[in-house]
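See below for the structure under consideration.
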Amino acid sequence: MKIDAVTIFPEYFAPAQLSLLGKAQSKGLVDIQVHDLRAATQDNHNTVDDTPYGGGAGMVMLPEIWGRVLDPLIVADTDLIILTPAGKRFNQEMAQSLASSSHLIFACGRYEGIDDRVRQHYESSEYAAKNVRVHEVSIGDYVLGGGEVASLVMIEAITRLIPGVLGNPESLTEESHNSEGYLEYPNFTKPQEWRGISVPEILLSGNHAEIAKWRELQAIERAKKNL
Ligand code: 6GU
């Protein structure tokens, strides 16, 4: 999977070289390229934004700069992800769907966002015919300073679903038992007693059917508590 991230703060993507994602890149499963939006500016002040038409607070990112950077990156079969708190909420299902893409572009907006004509342009039929899909995505109901951290969250959730990225692929099949895609029951490891708290007896029983039943019940209790 090829991943392009476009940002005015390339340094935000340093963690992409670590851990699972770093390994996935050295294995050749994922190729992440980070592009500095400011490098595409042509004025002396390296301007990337301007005041909004219609007035109001904040600044809007210039479409001309974005077009200049995105044009050469957008090829056939591309998912262009525009990060915005007003986007569709990211979840495990969206991660699954994007994990089978061959090319993701993360457009990281700052300030009050990117001029909406950038979205409109790449959503046009000319691009749709080339299998270019545009997604406006948010990672949750809170406002971040920009899309960089949101992109990292998405990249981590998506790339670990690519075959070969996880050391132990059984982690994925176990996760898939839950619709949200994660384990909901509490986990325990050594020692058997820690600070006076014992590991639940059932987990030491070796009775896999009973353990599965217990975990299911625990998951339901936990889900209720987090409502
Ligand atoms: Cl994608 N961007 C920003 N700026 N804030 C967010 C977000 C994205 N998702 C949640 N909050």
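Atoms within each ligand, like the ligands themselves, are counted from 1 in listed order. Fair warning: this is a prediction, and the values are worked out from it, not measured in the lab.
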Check ligand 1 against A150 and write out every atom of the ligand that is under 4.0 Å from a heavy-atom position of the residue.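 Counting from 1, the qualifying ligand atoms are 1 (Cl).
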Which of the atoms of ligand 1 are close to V137, meaning less than 4.0 Å from one of its heavy atoms?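 Counting atoms of ligand 1 from 1, those under 4.0 Å from V137 are 1 (Cl).
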I'd like to know whether R215 forms a salt bridge (charged side-chain N to carboxylate O under 4.0 Å, His left out) with E184, so could you lay out the CA-CA distance, the side-chain angles of the two residues, the decisive distance to 0.1 Å, and finally the verdict. CA-CA 8 Å; R215 283 177 166 169; E184 284 185 324; over 6 Å; no
Answer yes or no: does an N/O atom from I139 fall short of 3.5 Å to an N/O atom of ligand 1?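 Yes, since at least one N or O of I139 sits under 3.5 Å from an N or O of ligand 1.
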Quick check: does L83 get an N/O under 3.5 Å from an N/O on ligand 1?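 Such a contact does not occur with ligand 1.
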Report the nearest protein non-hydrogen atom to [atom]: residue, atom name, distance rounded to 0.1 Å.
atom: atom 11 (N) of ligand 1; value: Y142 O, 2.5 Å
atom: atom 2 (N) of ligand 1; value: P85 CD, 3.6 Å
atom: atom 10 (C) of ligand 1; value: G140 O, 3.1 Å
atom: atom 5 (N) of ligand 1; value: L144 N, 3.0 Å

Just by distance, with hydrogens left out, do T7 and E148 show a side-chain donor and acceptor under 3.5 Å apart?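 Looking only at side-chain atoms, E148 and T7 do form a donor-acceptor pair, the distance falling under 3.5 Å.
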Would you say the side chains of D115 and Y53 form a donor-acceptor pair under 3.5 Å?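 No.
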Classify the angle between the aromatic ring planes of W214 and F188 as parallel (below 30°), tilted (30 to 60°) or perpendicular (above 60°).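 W214 vs F188 ring planes: tilted.
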Is R89 paired with D141 through a side-chain N to carboxylate O contact shorter than 4.0 Å?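 Salt bridge flag = yes for R89 with D141.
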Charged N to carboxylate O below 4.0 Å: is that the case for D79 and R133?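 Salt bridge present between D79 and R133.
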Part of D141 within contact of ligand 1 (heavy atoms, under 4.0 Å):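 The answer is neither.
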If you measure from each non-hydrogen atom of S138 to ligand 1, which part falls under 4.0 Å: side chain, backbone, both or neither?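 Looking at S138 and ligand 1, atoms from backbone and side chain both fall under 4.0 Å.
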Would a distance-only check, ignoring hydrogens and angles, find a side-chain to backbone donor-acceptor pair under 3.5 Å from T78 to I74?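 No: the side chain of T78 does not pair with the backbone of I74.
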